[in-house]
Each structure stands twice: as C-alpha cells, then as structure tokens.
Amino acid sequence: MRYLAEGLRLHVNGLDYAILAIYFAVVLGIGFAARRSVRTSLDFFLSGRSLPAWVTGLAFVAANLGATEILGMAANGAQYGVYTVHWYWVGAIPAMVFLGLVMMPFYYGSKVRSVPEFLLHRYGPASHLLSSVIFAVSSVLIAGVNLYAMAIVLQALLGWPQWVAIVVAGFFVLAYITLGGLSSAIYNEVLQFFVILAALIPLTVVGLKRVGGWDGLSDTLTASHGDDFLSAWGGTGIGHPNPLGANWLTIVLGLGFVMSFGYWTTNFAEVQRALSARNLSAARRTPLIAAYPKMFIPLVVVLPGLIALAVEPALGKAGSGLSYNDAIPVLMRDLLPNGVLGVAVTGLLAAFMAGMAANVSSFNTVFTNDIWAAYVRRGREDAYYLRVGRIVTAVGVVIGMGTAFIASSFSNIMNYLQTLFSFFNVPLFCVFIIGMFWKRATAAAGFWGLLSGTLAAMVNYFWFYKQGVVGIPSDQGANFVSSIVAFVVGAVVMTGVSLVTRPRPAEALAGLVYGTTSPGMAEPPAEGDSAWYRSPALLGWGAVVLAAACYIPFSL
C-alpha cells in the first residue's frame with residue numbers, strides 16, 4: 001500500500017470534524033481516569049491483574065482490529081475474494097481457542113508478566129533475552145505499520161500531510177498510555193471496538209443495498225471473476241492455480257497451523273490483554289470471548305471489499321488510478337453522507353490507534369521487565385521501573401513514527417506484516433509448543449530452535465523466493481511456505497540439540513510443561529465463575545462449531 005488514490009478526497013464538514021474532536025477528547029479522558037489506578041508497575045503493565053473477562057475479551061479482539069484488518073483484509077477481499085475468510089475461520093478461531101483452553105493456564109498460572117518471561121522460566125536467560133529482543137523489534141515495526149496506514153488514509157481522505165497525521169496520532173497514543181498504562185489502552189480499545197463497528201456496519205449495509213443485496217453482489221462478481229471467487233475452497237487443489245497463490249495444504253499448514261498459532265498464542269500484544277484479567281478463569285475466557293465477534297468481522301471487513309469491487313470494477317486494474325487498498329475509502333467516498341462520514345473516519349482512526357497502542361503497551365512491558373530490569377538495572381525499587389516504563393512508552397512511540405516510514409517502502413502492508421509474523425512469531429511458537437509438551441527439551445534447544453527457525457524463514461523468503469530459486473506464485477504464498485519452513489527447521493534443531501544436551505530437573509518444570517501443575521495453575525474459580533455458561537471449554541468448543549458452520553455457505 002504505497003498510496004491511496006488522489007481522487008478519494010472526502011468532502012468533510014464541521015460536523016465530521018466535531019465527531020473527530022469528541023472522540024479524541026474521550027480518549028484522553030479515559031487516560032486521565034485510568035491514571036488514578038496506577039500506583040505500581042504491575043498496575044501500569046498489567047492493570048494490576050484486575051480486569052473482568054468481558055473487558056479483556058473485547059480488548060483482545062480490538063487490539064488486532066487495526067490496519068491489517070480494516071484496509072488489508074478489505075483489499076484482500078477485493079483481490080482474492082472469499083478466500084480471505086481463511087484468515088479468520090482457519091487462521092484465527094482455532095488458535096484463539098487453543099490459547100484459551102491449553103496455553104493460558106501456563107501463562108497465567110506461572111504469574112509471568114510477559115511471553116518472553118515464560119521462556120525464562122522454561123529455558124533460561126539465553127532464550128529469554130533473544131525472544132525479548134526479537135519481540136521488542138517486531139513490536140515497534142508493527143506499530144509503525146499502523147501509523148503509516150493511518151497517515152496515508154488521512155492524507156488521501158482529508159488532505160493532511162503524512163507527517164502531521166503520524167505525529168498527531170502518535171501523540172494521542174503516547175498521552176493515554178503514559179497516563180493510564182495498560183488499563184487506559186484496554187478501556188480505549190473497548191471503546192474503539194464499538195466505534196469501529198459503528199463505522200463499518202453502516203458502510204456494509206448501504207453498500208450491500210447499492211449492489212442489490214447478496215444475490216446482486218454474487219451475480220456481478222461471478223460474471224466477472226468466476227464461481228471460485230465466492231468460494232472459500234474452490235480452486236485450491238494442489239497444482240490448481242488461483243489468485244491467492246496457495247493450495248489447501250499450504251492454507252491449512254502454513255496459515256491455519258504454524259502462522260496462525262504462532263501469532264495468536266505467542267504475540268504478547270494479544271496475550272497481554274488476557275494476562276491483565278482478574279483470575280485464571282477470566283484469563284482463559286478472554287480469547288474465547290474474543291473469538292465470537294472475531295467470527296463475524298469478515299461481514300464488515302471482507303464483504304465491503306467485495307462490494308467495492310462490484311461498485312468500482314476498475315479497482316486494482318492497471319491505469320485505473322485505484323488499487324485494491326482503496327476499497328474501503330472508495331465506499332466511504334461514494335456512499336456515506338456527512339455525519340456518518342465523520343463516524344467512519346473516526347472508526348478508521350480508532351482502528352489504527354488500537355493497533356498501535358497494543359504494540360506500544362506490549363513493547364514497554366517487554367523492554368522494561370525482560371531487558372532493562374532483567375539484564376541492565378536489577379533489583380531497583382518498583383517506582384523506578386514504573387518511571388522507566390513511562391519513558392520507554394515515549395521512546396516506543398517515537399521509534400514507531402520512524403518505522404512508519406520503513407513500512408512505506410513496501411507496496412502492500414498485509415504482505416509486510418505476514419512476512420514479519422513468519423520471521424518472528426512462528427519460530428517462537430515452535431519453541432513454546434515443544435517446550436510445553438516435551439519435558440526433554442533443554443535450555444540450549446530453546447535458544448538454537450528460536451534462532452534457527454527465524455534464520456530459516458528469512459533465508460526462504462529473501463533467497464529462495466525473492467531470488468527465484470523456488471517458484472512461489474505470490475508474496476502471501478511465500479509467507480505460508482516460510483512459516484512451514486521456520487517451524488520444521490526449528491523443531492528439527494530443537495529435537496537434535498535436546499538429545500545431546502542435559503534437560504532440567506523435573507521439579508524445575510512444575511507448571512511449565514503439560515501434565516505438571518503449580519499452585520497458580522490450581523487456582524480455584526472466583527465467585528460466580530462456576531456457572532455452566534462461563535465454562536472455558538464450553539465457550540471454546542462452541543466457538544469452533546460456530547466457525548465451522550460459518551464455512552458451509554462459502555464452501556459449496
């Protein structure tokens with residue numbers, strides 16, 4: 001996404017700007033209100049582990065509802081069609097359920113403050129430091145993506161210079177996180193979730209009416225793009241070409257397993273929301289509650305991409321001046337009146353700010369606790385680390401502004417982000433999952449598995465794919481393959497190293513390996529958490545069944 005078309009300038013008026021101003025005022029107000037609850041570093045970094053499940057669940061899904069979701073997935077919908085739902089029903093729901101049912105007891109029960117800290121307990125300082133550095137780097141890179149996406153949208157839609165948009169949004173994110181810490185970020189994400197829906201639902205409804213409902217949309221796109229364009233699995237047989245450049249095997253293994261599980265189960269920007277829950281039961285329910293709205297997000301993100309293609313058939317065609325990334329802005333320009341337009345622009349801003357805030361708040365936690373406090377300044381008073389956390393927040397925002405310009409060098413933000421995930425999250429998931437289920441995995445295996453998996457993904461992408469050594473049809477297909485390579489190489493290296501090095505004593509692995517327990521993991525449910533409808537297992541399997549049911553009309 002290098003730019004948005006110049007012809008997308010919106011005719012906003014005072015009412016639209018008033019809606020924007022009210023939103024920014026509320027965002028800062030939440031920051032000031034949350035400031036009163038921040039007394040310790042635990043309050044700042046994990047909200048004192050005091051938030052209810054419904055709050056952390058909505059924040060969990062909102063933290064992901066950023067640039068990739070709004071612009072990237074709508075663009076993918078316009079370019080690839082219904083194939084894009086794989087990123088939700090294969091590439092998100094199963095992993096979110098696995099996180100809630102299987103992994104959260106390990107995270108929350110061990111009382112860790114971050115994902116890298118779990119590696120410290122399981123493998124030791126070498127893996128801990130390497131994962132902390134990798135995560136800190138990836139966090140500010142992804143934060144920059146959200147800033148850059150927002151900047152180009154505001155430049156095209158409102159005429160704001162890119163640097164002005166980057167500085168303004170960065171300032172507001174910095175202000176409310178520095179004031180209220182994670183609590184401020186989470187409560188703002190809950191607000192942003194509803195603002196985003198308030199922007200996208202009218203856009204979808206009006207757009208669907210414009211094209212004659214689902215039947216009119218289906219007839220238009222089938223006539224121009226074929227039957228497979230509106231099918232989730234059509235044309236994905238091995239050896240069968242399709243626009244996505246991936247077959248069912250790479251979709252299931254590359255996206256559905258290693259990339260999806262790597263992102264949702266080890267990305268601290270998401271897991272941090274669950275760790276802030278008030279007890280283990282609430283922490284386990286957090287990703288499961290988030291899975292329900294996540295299943296229906298395609299209706300307000302992917303569907304508008306399809307509608308935009310029907311409304312503007314020239315979308316993405318050479319010489320049209322419109323790229324697939326213009327799908328949402330095209331609908332905003334053509335369909336929304338003033339007032340509603342202000343809500344839509346505010347919804348886009350909310351999405352970008354939620355994505356950036358999630359990464360900045362996780363960056364300050366990992367850098368302060370896992371790098372600064374663990375290896376640079378140990379044993380200082382709690383107030384010192386609270387001050388460091390606020391300073392690091394400012395540093396993270398400034399670095400994010402810089403990495404926003406790195407993102408501008410990539411032609412497609414979705415490809416850029418998926419590449420980062422295959423480099424960083426997939427090797428981390430490999431190390432986590434093997435360490436959780438195999439007591440024999442050693443400290444040396446954790447370090448070399450993480451390093452080799454990361455390097456293998458980079459070699460596959462930059463050498464085998466970019467240099468044409470292996471023919472892969474698209475960047476997305478290359479990312480799926482890189483994910484598989486990273487997981488396989490990391491697993492093989494971990495197995496080999498574990499067999500020639502000494503494992504840790506069994507008693508040191510209590511609560512860190514499946515089949516063992518710690519006092520924290522045996523925590524009884526809080527009062528009122530025992531109701532049958534609050535069961536994590538019931539919520540989780542219900543989400544899986546509902547996601548599978550969603551596939552039926554798109555698979556026939």
inquiry  = Using every non-hydrogen atom in the two residues, find where Ser361 and Arg273 come nearest and quote the distance to one decimal.
reply    = OG-NH2, 3.2 Å
query = Can you tell me how far CZ of Arg440 sits from OG1 of Thr495, rounded to the nearest 0.5 angstrom?
reply = 11.0 Å
inquiry  = Could you check whether any side-chain heavy atom of Ile186 comes within less than 4.5 Å of a side-chain heavy atom of Ser276, counting everything from C-beta outward?
reply    = yes
message = As a quick check of understanding, evaluate side chain to side chain donor-acceptor pair (under 3.5 Å) for Asn479 and Thr419, giving each step before the final call.
response = CA-CA 6 Å; Asn479 291 331; Thr419 300; 3.0 Å; yes
ask   = Considering all heavy atoms of both residues, which atom of Leu58 and which atom of Val61 are nearest to each other, and what is their separation?
value = O-CG1, 3.2 Å
inquiry  = Quick one about Ser483 and Ser422 (side-chain donor to acceptor, distance below 3.5 Å, no hydrogens or angles considered), yes or no?
reply    = no
task = Kindly compute the distance separating SG (Cys430) from CZ (Phe487), expressed to the nearest 0.5 Å.
result = 5.0 Å
ask   = So, for Gly449 and Met494, which heavy atoms are closest and what is the spacing to 0.1 Å?
value = CA-CG, 3.6 Å
remark   = Of all heavy-atom pairs linking Ala92 and Lys294, the shortest is CB-CE, 4.0 Å
message = Just by distance, no angles: are the side chains of Ser114 and Asn369 close enough, under 3.5 Å, to form a donor-acceptor pair?
response = no
request  = Check whether the side chains of Thr501 and Thr442 place a donor and an acceptor atom closer than 3.5 Å, and report yes or no.
outcome  = yes
ask   = What is the minimum heavy-atom distance between Ser127 and Gly446, and which atoms define it?
value = OG-C, 3.2 Å
message = I'd like to know if the side chain of Ser482 pairs up with that of Asn460 as donor and acceptor (distance under 3.5 Å, no hydrogens or angles considered).
response = yes
query = Is the closest side-chain heavy-atom distance between Ser138 and Leu420 below 4.5 Å?
reply = no
ask   = Which pair of heavy atoms, one from Ala486 and one from Val426, lies closest together, and at what distance?
value = CB-CG1, 4.0 Å
key: Sub-4.5 Å side-chain heavy-atom contact between Ile433 and Phe261   = no
message = Could you tell me if Tyr384 and Trp372 have a donor-acceptor pair between their side chains, going purely by distance under 3.5 Å?
response = yes
query = With distance as the sole criterion, is a donor-acceptor pair present between the side chains of Asn64 and Tyr263 under 3.5 Å?
reply = yes
ask   = Taking Tyr385 for the side chain and Arg380 for the main chain, is one N or O donor matched with an acceptor at less than 3.5 Å?
value = yes
inquiry  = Using a 3.5 Å distance criterion without hydrogens, assess whether the side chain of Arg284 forms a donor-acceptor pair with backbone atoms of Leu280.
reply    = no
Rounded distance (nearest 0.5 Å) linking atom CG of Leu288 with atom CZ of Phe98 = 12.5 Å
ask   = Given Trp87 and Asn76, is the side-chain contact (heavy atoms from CB on, under 4.5 Å) satisfied, shown in steps?
value = CA-CA 10 Å; Trp87 268 270; Asn76 277 3; 4.2 Å; yes
ask   = Is the shortest heavy-atom distance from the side chain of Met103 to the side chain of Pro287 under 4.5 Å?
value = no
ask   = To the nearest 0.5 Å, what is the distance between CZ (Arg504) and OH (Tyr123)?
value = 10.5 Å
request  = Calculate, to the nearest 0.5 Å, the distance between atoms CG and CH2 belonging to Leu99 and Trp264 respectively.
outcome  = 9.5 Å
task = Look at the aromatic rings of Phe423 and Tyr461 and report parallel, tilted or perpendicular, splitting at 30° and 60°.
result = perpendicular
ask   = Is there a side-chain contact between Leu275 and Met104 (heavy atoms, below 4.5 Å)?
value = yes
query = What distance do Asp370 atom CG and Ser131 atom OG have between them, rounded to the nearest 0.5 Å?
reply = 7.0 Å
task = Please examine the side chains of Leu428 and Leu119, heavy atoms only from C-beta on, and report whether any two atoms are closer than 4.5 Å.
result = yes
task = Assess the pair Phe432 and Phe106: is the distance between their ring centroids shorter than 6.0 Å?
result = no
ask   = Do Phe257 and Phe429 have ring centres separated by under 6.0 Å?
value = yes
ask   = Are any of the side-chain heavy atoms of Tyr88 and Met73 separated by less than 4.5 Å?
value = yes
request  = For side-chain contact (heavy atoms from CB on, under 4.5 Å), just list the numbers for Phe135 and Asn267, CA-CA rounded to whole Å, side-chain angles, deciding distance to a tenth of an Å, and then say yes or no.
outcome  = CA-CA 8 Å; Phe135 184 80; Asn267 183 14; 3.4 Å; yes
query = Are Phe118 and Met436 close enough that some pair of their side-chain heavy atoms sits under 4.5 Å apart?
reply = yes
message = Apply side-chain contact (heavy atoms from CB on, under 4.5 Å) to residues Glu381 and Arg387 and explain how you reach the verdict.
response = CA-CA 10 Å; Glu381 67 278 7; Arg387 289 195 303 272; 4.0 Å; yes
query = Are the side chain of Tyr465 and the backbone N or O of Val459 linked by a donor-acceptor pair below 3.5 Å?
reply = no
query = Distance only, no hydrogens: is a donor on one side chain within 3.5 Å (strictly under) of an acceptor on the other, for Tyr80 and His86?
reply = no
request  = Please lay out, stage by stage, how Tyr187 and Gln192 fare under the test side-chain contact (heavy atoms from CB on, under 4.5 Å).
outcome  = CA-CA 9 Å; Tyr187 281 111; Gln192 288 158 348; over 6 Å; no
task = Check whether the side chains of Thr365 and Gln272 place a donor and an acceptor atom closer than 3.5 Å, and report yes or no.
result = yes
